[in-house]
Amino acid sequence: MNRRLYPTAVILAILVGVISCEESDAPIQDSFDRSEMLENMAQNLIIPAYTELQTAVNALESRAEEFTQNPDLNSLDALHEAWGAAYSSWQYANAYNFGPAGEDGIRRSLLEEVGTFPVSVEKIETAIIGSPNFNDFNRDARGFLAVEYLIFGTENTDEAVVETFSSQNRKDYLLGAVSDINRRIGEVLSAWNGGYTSEFIQNDGTDVGSSTSMLYNEFVKSFESAKNFKLGLPLGRRPGQTQAEPQLVEAYYSGKSTEMLGLHLTAIENSWHGRSRQGQNGLGFREYLESVEGGQALIEATEAQMAEVKAALEDLPETPPLAELIQISPAPADRLHTELQKQTRFFKSDMSSLLGISITFSSGDGD
Amino acid sequence: MRLVLKSTFLSNLLASIRIEALSTTLRERVRATPFSVFRGVFGLLMAVGTARFMWLGWIEDHYTTPIVHFHYWGFEWIEPFSTGTLYVLHWLMLLAAFGVMLGTRWLYRLSAVTLFLTFTYTELIDLTYYLNHYYYVSIVCAFLCIVPSPPPIWDTEARVPRWVLVIFKLQIAIVYIYAGLAKINYDWLILALPLKIWLPAHDNIPILGPLFTWSVTPYIFSWFGMLYDCLIVFFLLYRRTRVWAYVTVIIFHSLTGLLFQIGIFPLVMMGGTLIFFDFGTRKSPATLPKGPPKTKERILAAVLLIHFTFQLLFPWRYLLYEGNVSWTEQGYRFGWRVMLMEKAGTATFYVKDSQTGREGVVDNREFLNPHQEKQMAMQPDMILQFAHFLGAYYAEKGVHSPQVRAEVYVTLNGRPSQLLIDPTVNLMKETDSFGPKKWIVPYEKDAKNAL
């Protein structure tokens, strides 16, 4: 080393020595194994979610076949139940729209392909009498919520719904829509059961395109969509809206909006904890935060707010359906929306900042 | 007594600066090779960078897909052209970069001017993508426009006036030293923040990764980074330390390249600092200037003097504002504050109808791409611009004289997030200027917030 640099190096070494002595109780930071977190997320949350969903959608398809062969109140009842089970399972699988469930060419994310709402009654009815095509841009005419419209209907009685299925076109459309959901989910699941899981676990960086970054981004998106689309919009909380718009709720025709929202929020909480649907705990975002500077404070703030969200959710009555509730007494739903709003910053910016996860392709100077 | 001493010292000092001698020295003709290497590498990197930008689809992503653009103060009139036109401009930029690399005479001049104009125009489209490196590139492009017509890049015997080399060295010196001075702060040196956050996030980098999890590593990197920035230019200037200093340049910028997504800029700095080498195998004394200074040279000298005075002073403007510059970002940009902090925010905008009193919550994603939202959510002037956009947008949608307020929570260097601006202020009533923004909430750094 050059003589000029030598004094600098000595000063540097001394400074470093002094500082590191001060911190002698923690010579090495707890290093967090991201790939272990990714493995837990894949093996205990993501793959089980898609597997259960696939089973439930298989059952939905069987019930739909039985119903179309013999449309009566009993078979419709069974179909309703199967739809409820499948759509409940979807709430646990709707936050992983990357990799095999991500966008690919004209195919959009799995969430958009099978979970778009509100659906367009007009488009569905046009498609039924036309030639059904489940690969076009009309994502609001297919997926779980199109099926929901078909089997719950706008009519007041189940008899009326059964009546509509005297049409062969309608039967075909129902079967087509269900099998389209089944096919799309099957593709995603088989990718995870194939090579994607190891790719996912090995891609353990924090840059854009890393598994942690994708998982985190979709986690935040999922949280925000619950807040914005399942509550904010129907409540009329967007600027420019002048009143509640109940027809915008998720699961409008079955009236299961509140139940589904609750499951969605539980799924988000599970991701935070790295917890499976059955309650088995593993490494999640919470544990990752525990390992970083300032993480403990954020965990406390986040979980305090999560408790508020939970309390607000519990105060949201299951009946009447959300679409009615927000017209007669919007206060409990408004409160949940507000509590979710307060939660946003912990998930959205604090967490990515503390974890050093990149969410955009180029760095700014200011971060 | 002391006062007298001081004034004598000052007058002596002033007298000792002999303008004539200085100008002669600067006008002496030295070997052109350093400049040839500089423009060769710079031109090539600019061409690669432009091609990369197009190839990544960033023309669409950055310029033509977004609905809203954030403007630079004073450049509100700059809007993106259509995608097709922007592609043409980028191809021109690419050709101009090669022209700067290889051209002479009119071809060089035309290329340099084209490169400066096209590059600076594209940078001015959206404040979101501001980087100090882009600012540096614009300045270099401007310098390339005003230097005398350069000799062919392969002519090793050719000469250029010394000032041609000096302006680039001086600019690089300002970049490094100001970046170094900015690092002399409590968070960076004593708490090793934000490196304590950034390094463990990259612990999967081969070989070096495991070192990033050691608690001492962020301190070493912080101190090394600060000393590097403050001192590297001096070691580069001094012949005997030059080669070692350059090795350090390579190590430093390779590391930043590994850690941060900053594209080709590590290479730009590695290429730029080559200008400190003389590339001569044998001594070649400077030759006398070509005749006395011409009017054109005097004008150039005045322009450069103004430029460097601005360069030296403008970064200090933050001292005129109250509060922590990292928090308020008043006087933050154009000050060579590079990769200095970890900052992120969540901005929630509320738009209220003045007539009905009904207030709605904005979904930022409806209008902004993730990059725009991220940058906007922590920078007060961008928050203000977005608020004004929303006000105009919703007024058109039928909201009566919209009032826009924003609840913005920002985390700085891993501390719990706190309010950046007053959430009750109607931002439609505020305008952007160099005046202090009264609606910024001061940064609280109390015991609770300390890490």
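Labels below follow one simple rule: chain letters A, B, ... track the order of the sequence lines, proteins then strands, and each chain is numbered from 1.
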Given P370(B), G345(B), G398(B), the one with more heavy-atom pairs under 4.5 angstrom with chain A than any other is G345(B)
When the 4.5 angstrom heavy-atom criterion is applied to E373(B) and chain A, the contacting part is side chain
Regarding R237(A) and E359(B), does a basic nitrogen lie under 4.0 Å from an acidic carboxylate oxygen? no
Tell me yes or no: between the side chains of T411(B) and D350(A), is some donor less than 3.5 Å from an acceptor? no
On a heavy-atom basis, the closest approach of N204(B) and G205(A) is ND2-CA, 3.0 Å
**Item:** I328(A), CD1: over 12 other non-hydrogen atoms inside 6.0 angstrom
**Value:** yes
So, do D203(B) and R34(A) sit near enough that their side-chain heavy atoms are less than 4.5 Å apart? yes
On a heavy-atom basis, the closest approach of Q341(A) and V361(B) is OE1-CG1, 3.8 Å
Looking only at K397(B), H202(B), R365(B), most heavy-atom pairs under 4.5 Å shared with chain A are made by R365(B)
Notebook entry, point to check: Would you say the side-chain atoms of R358(B) pair up with the backbone N or O of Q241(A), donor to acceptor, closer than 3.5 Å?
Noted result: yes
- Task: Take F32(A) and T213(B) through the test side-chain contact (heavy atoms from CB on, under 4.5 Å) and record every step on the way to the result.
- Result: CA-CA 9 Å; F32(A) 182 80; T213(B) 60; over 6 Å; no
The interface call for V399(B) against chain A, heavy-atom contacts under 4.5 Å, is side chain
Whatever's closer than 4.5 Å to a heavy atom in chain A on Y393(B) counts as neither
Output for pair (Y394(B) OH, R238(A) CZ), nearest 0.5 Å, gives 6.5 Å
The interface call for D353(B) against chain A, heavy-atom contacts under 4.5 Å, is neither
dist N413(B):CG -> S353(A):OG (nearest 0.5 Å) comes out at 8.0 Å
Turns out that what part of Q296(A) lies under 4.5 Å from chain B's heavy atoms comes down to neither
When the 4.5 angstrom heavy-atom criterion is applied to L233(A) and chain B, the contacting part is neither
If one checks every heavy atom of K221(A) against chain B at 4.5 Å, the contacting part turns out to be both
d(T356(B) OG1, Q243(A) CD) to nearest 0.5 Å is 12.0 Å
Minimal heavy-atom distance between L354(A) and I197(B), with the atoms involved, is O-CG2, 3.4 Å
Separation between CZ (F260(B)) and CG (D207(A)), nearest 0.5 Å, reads 10.5 Å
Counting heavy-atom pairs under 4.5 Å with chain A, the top scorer among E407(B), E366(B), K352(B) is E366(B)
d(R345(A) CZ, T348(B) OG1) to nearest 0.5 Å is 9.5 Å
TODO: Determine whether R415(B) and E293(A) make a side-chain contact, defined as any pair of heavy atoms from C-beta on separated by less than 4.5 Å.
DONE: no
Do the side-chain N and O atoms of S349(A) and T346(B) include a donor-acceptor pair separated by under 3.5 angstrom? yes
Cut-off 4.5 Å, heavy atoms of chain B, and the answer for F347(A) is neither
